[in-house]
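Working notes, structure below.
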Amino acid sequence: MVVAINTTFLALDLASYGASPAVVGGRLLVSAALLHGWWMAGRWPAAAWLPRALTLDAALLTAGMGALAAGTGGPASPYHFFVPVIPVVLGIFVPDEPGPPLAAGAVGLLVGLLAQPPGTPAGQVAFLVTAHGACTFYGWVAARLYRRLRERERAAAEARAQAQAALHDSEARRALAERLASLGRLAAGVAHEINNPLAFVSTNVAFVEEELAARREPEGELRDALRESRGGLERIKRIVQELRGFARGDAGGPGPTDALAALAEARRTLGPRLPRLELRAPSDPPPVVANQAELVQVLLNLLANAADAVAPAEAGGSPGWVEVVIEVVADGLEVAVCDSGPGFTPEALDHLGEPFFTTKGVGGTGLGLALSREFVERWGGRLVATNRPEGGARVVVVLRRADPRAGPAGA
């Protein structure tokens, strides 16, 4: 289209004014500038150098139009009066770039002044300067206003996208809050139902112990089993109390806690479910800020997850292991639970700790790590999950050092 139009104008110019260098050169320069600008705008609209190239094309276009005006009669040429209007035209066709109207205006004014014959009245020169200045100003303002409009449209689109994302997050949080509220009600009901049979089972165990003591039965496996049963009942009782506290939102506060004792209790609770466990820890680590029962629950969750991770290898006859490394750091303690399993997938690392997210299918609830992270962060610590370079998972619980003069942690 551009080629056809300029070819038609070139034929008319040649027929009307002859094949002078100014006419031919000016028309070719105008055609080249238009074709190059059209080609660039269509191919690379987001190129960083595009504004500078369009500005150069605008200057060449105006220079070519000035040459045409000079070759077709100078101030009497019909093209002479079109030169001042070029910045306005560019402001319409290149509305997002204020550079081309300015370049066209500057070149057009220079060409117009050079085309004036000697002795031109000052009023005519002033009119020429005013016309070029006004057209350049209007073209520049049009481009600036259009750019501002585009920026506001982009800002409005970004604001709408952010509002939609915030609405989506709000809906997700609301749904999660409803599910957690349902979980709290379920926890309260389960705790209430367990509490009654737990009471008479505990009473019966105490009765059997008292009867054995009254009959002066010697120490043996029966009494050991009863002691272990009583320990298990106490553990169940504490879990019930935690469930009720979770449902009411009044769990015990943190205080100085022995991490080794909590680890021993969690290990004892898992029993034969835990494969080979390697422990590397200082002999007397400092107390940390935590809730004793909740720390046991956190370590129990991490050890259980590690045991589940290495279980397929164990079932296939391959050796699997779980390692706990406790290190004293400047401001507290780091408890790392490592395993020889397959490690975390990228998706699991992205969503780890989110309530109800699980990689265990129907066998998992997705609450173990979520509650563990909530407990640890409530104590002022951190829970960080990564993959070991040599394979397997590594979950680190970072706990703050406790003031030994503070009261004991709630249980």
Side-chain angles (χ1 to χ4, degrees), residues 179-180 183-184 186-187 190-191 232 235-236 238-243 245-247 251-252 254 257-275 277-279 281 288-311 320-326 333-345 348-349 351-379 381-388 392-399 409-411:
R179 294 171 72 181
L180 289 175
L183 178 64
L186 176 63
V190 169
R235 174 64 184 155
I236 295 173
R238 284 197 298 271
I239 292 174
V240 170
Q241 290 173 347
E242 292 171 20
L243 284 174
F246 173 75
T257 301
D258 186 348
L260 275 180
L263 176 64
E265 185 173 350
R267 184 178 181 181
R268 185 169 56 252
T269 302
L270 280 175
R273 181 183 173 187
L274 189 66
L277 176 65
E278 301 176 15
L279 174 62
V288 293
V289 177
N291 177 288
Q292 176 72 25
E294 291 176 350
L295 181 56
V296 172
Q297 189 64 41
V298 169
L299 296 175
L300 189 63
N301 288 333
L302 299 184
L303 291 174
N305 287 343
D308 292 340
V310 301
W321 53 264
V322 177
E323 180 184 45
V324 178
V325 180
I326 300 179
L333 212 62
E334 286 187 357
V335 181
V337 179
C338 309
D339 63 65
S340 60
F344 297 109
T345 64
L349 286 175
H351 298 281
L352 211 62
E354 293 182 5
F356 306 108
F357 176 81
T358 179
T359 58
K360 299 180 182 179
V362 296
T365 63
L367 289 173
L369 276 179
L371 290 177
S372 297
R373 174 166 288 179
E374 179 184 341
F375 291 154
V376 173
E377 290 179 352
R378 186 193 305 163
W379 310 327
R382 291 181 292 115
L383 190 147
V384 182
T386 57
N387 284 322
R388 301 170 61 248
R394 183 174 187 265
V395 183
V396 181
V397 180
V398 183
L399 301 170

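One distance of note links CG of Leu349 with CG of Asn387; it measures 5.5 Å at 0.5 Å rounding. With values rounded to the nearest 0.5 angstrom, Leu303 atom CG is found 10.0 Å from Asp339 atom CG. Rounding to the nearest 0.5 Å gives a distance of 5.5 Å between CG of Leu263 and CD1 of Ile326. Within the model, atoms CH2 of Trp379 and OG1 of Thr257 stand 7.5 Å from one another, a figure rounded to the nearest 0.5 Å.
At distances below 3.5 Å, not a single donor-acceptor pair connects side-chain atoms of Asn301 with backbone N or O atoms of Leu369.
Heavy atoms from other residues, nucleotides or ligands lying under 6.0 Å from CZ of Arg382 number 12 at most.
When all heavy atoms are compared, the tightest approach of Ala306 to Val337 is CB-CG1, 4.2 Å. The two residues Cys338 and Arg388 come nearest to each other via the heavy atoms CB-CD, 3.9 Å. Taking each heavy atom of Ala385 and Phe344 in turn, the nearest pair found is CB-CE1, 3.9 Å. Listed here is the closest heavy atom pair of Ala309 and Pro342: O-CD, 3.6 Å. A pairwise comparison of heavy atoms in Gly341 and Val310 identifies N-CG1, 3.7 Å as the closest pair.
Side-chain contact check for Gln297 versus Leu371: every heavy-atom pair is 4.5 Å or farther apart.
Exactly one of Leu260, Val296, Leu300, Leu299 qualifies for a side chain to side chain contact (heavy atoms under 4.5 Å, CB included) with Glu265. That residue is Val296.
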Original post:
Could you go step by step and tell me if Leu295 and Leu399 meet the side-chain contact (heavy atoms from CB on, under 4.5 Å) rule?
Top reply: CA-CA 10 Å; Leu295 181 56; Leu399 301 170; 4.2 Å; yes

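Qualifying salt bridge (Lys or Arg N to Asp or Glu O under 4.0 Å) partners for Glu323, counting only residues two or more places apart in sequence or in other chains: Arg280.
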